[in-house]
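The residues of the chain are indexed from 1 along the displayed sequence.
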Amino acid sequence: MAALGEKDAPAPTADVVRLSEAAIAKGSNSFATAARLFPTNTRADAVMLYAWCRHADDVIDGQDMGHDQKADYRAKQAQHLVTLKEQTMRSLDGEHSDDPVFEALRQVVYRNEIPHIHPMELLNGFEMDVRQRVYKTPEDLLEYCYHVAGVVGVMMAMIMGVREQAVLDRATDLGIAFQLTNIARDIVDDARADRTYVPSDWLEETAIGRLDATDTTQWPALHGVAIRLLDMAEPYYDSAFGGIKALPWRSAWAIAAARRIYRDIGRKLREEGPNAWKQRISTSKGRKLCLLLMAAGDVVAARYWASDVKQDRTGLYRRPGRSY
């Protein structure tokens with residue numbers, strides 16, 4: 001694995017890390033659990049990047065840490081995106097900020113030498129939300145998943161020292177798998193906020209046409225669609241396994257744990273059927289502990305039995321600008 005050497009950049013600012021830790025604790029129980037396994041410096045940078053990603057997502061979706069949807073969130077969405085891009089560019093240009101979210105971005109990008117194109121790719125994904133893009137085919141959806149999650153995987157891998165393009169491809173795959181799982185879990189919640197990520201071709205096949213969050217008679221058909229999304233995620237989860245072997249041990253454990261925990265969300269959605277949407281799917285602390293232990297076994301298995309990260313990824317999404 002090609003990795004950065006010891007960084008001579010200043011250590012993360014303590015108060016910025018503290019506020020970022022609070023953001024991850026409130027915004028994502030799944031990632032917060034896995035992130036505890038990172039070594040100290042990697043964890044600090046990971047939660048700082050997460051804090052900015054979470055803030056950007058909330059600004060566009062009109063939420064607070066992914067919760068409490070504002071009814072009128074679309075009213076100034078385009079304006080919010082412009083402001084978000086301007087603030088982000090200033091941070092990428094090295095300008096200090098009194099806003100801990102953007103100061104976190106500035107520090108983590110500088111410390112880890114993350115190319116500026118990657119944070120902007122994430123914002124380009126949020127622009128798809130602002131434009132209310134219709135995803136007609138699975139290929140359209142994969143493009144969205146890359147921009148709002150796959151590229152986050154790339155940046156997180158860079159924080160762990162990764163620079164080999166084949167490993168970054170596997171990090172992309174894990175981000176895409178996470179996003180497909182999230183979309184499957186949140187089909188009904190997204191419909192309540194007038195957001196649809198399910199390929200319209202699939203909806204037409206079910207004769208649903210347009211999602212109606214108030215119509216529970218749609219749920220059996222929607223669960224079939226959710227299963228298709230989860231099936232679509234599986235080869236991406238499998239591919240991501242091959243990248244674990246290239247990470248430092250503790251980082252590998254954290255990523256293997258995140259992979260187990262998110263995949264388990266899909267398992268519960270499959271098992272509970274259409275009734276899964278009566279409440280938000282979550283994983284108990286006891287179950288997470290089991291998954292953490294299983295993830296440690298995954299790290300060992302990946303070291304010895306995972307395929308070469310350079311092995312062909314035929315049929316999987318290819319990152320923009322990546323020459324294969």
Donor-acceptor contact present, side-chain K288 to main-chain I261, <3.5 Å: no

Inter-residue atom distance I159.CD1 - E113.CD, 0.5 Å rounding: 12.5 Å

Mind listing the closest non-hydrogen atom pair of A226 and A184 along with its distance? O-CB, 3.8 Å

From CA spacing to verdict: side chain to side chain contact (heavy atoms under 4.5 Å, CB included), H55, L84: CA-CA 10 Å; H55 172 78; L84 188 58; 4.2 Å; yes

Among D190, L203, V134, exactly one meets side chain to side chain contact (heavy atoms under 4.5 Å, CB included) together with T196. Which residue is that? L203

Using the rule side chain to side chain contact (heavy atoms under 4.5 Å, CB included), only one of T40, N41, V47 pairs with R43; which is it? V47

What is the ring orientation for F178 with Y262, classed by angle as parallel under 30°, tilted 30 to 60°, or perpendicular over 60°? parallel

Just checking, is any N or O donor in the side chain of D129 or Y197 under 3.5 Å from an acceptor N or O on the other one? yes

Applying side chain to side chain contact (heavy atoms under 4.5 Å, CB included) to R54 and D57, what does each step give before you reach the verdict? CA-CA 5 Å; R54 177 74 270 165; D57 196 6; 3.0 Å; yes

Test your reading of the model: is there a side-chain donor-acceptor pair from S239 to the backbone of P235, 3.5 Å cut-off? no

Result of checking T217, T216, D215 against W219 for side chain to side chain contact (heavy atoms under 4.5 Å, CB included): T216

Quiz question: by atom type and distance under 3.5 Å, do the side chains of H118 and E121 form a donor-acceptor pair? yes

Given the rule in the side chain to side chain contact (heavy atoms under 4.5 Å, CB included) test, do F102 and E95 qualify, once you have shown the distances and angles that lead to the verdict? CA-CA 9 Å; F102 291 97; E95 183 178 319; over 6 Å; no

Donor-acceptor contact present, side-chain E103 to main-chain D98, <3.5 Å: no

When clusters are formed by joining ILVMFWY residues with side-chain heavy atoms under 4.5 Å apart, either directly or through shared neighbours, do V108 and M89 land in the same one? yes

For the side chain of N112 and the backbone of I114, is there at least one donor-acceptor N/O pair under 3.5 Å apart? no

State yes or no: do L105 and I117 share one hydrophobic cluster built from I, L, V, M, F, W and Y residues joined by side-chain heavy-atom distances below 4.5 Å, directly or via other members? no

When every non-hydrogen atom of G243 is compared with those of V309, the smallest separation belongs to CA-CG1, 4.0 Å

N-O pairing of R106 and D93 below 4.0 Å: no

Do any N or O atoms from the side chain of H223 and from the backbone of N275 form a donor-acceptor pair under 3.5 angstrom? no

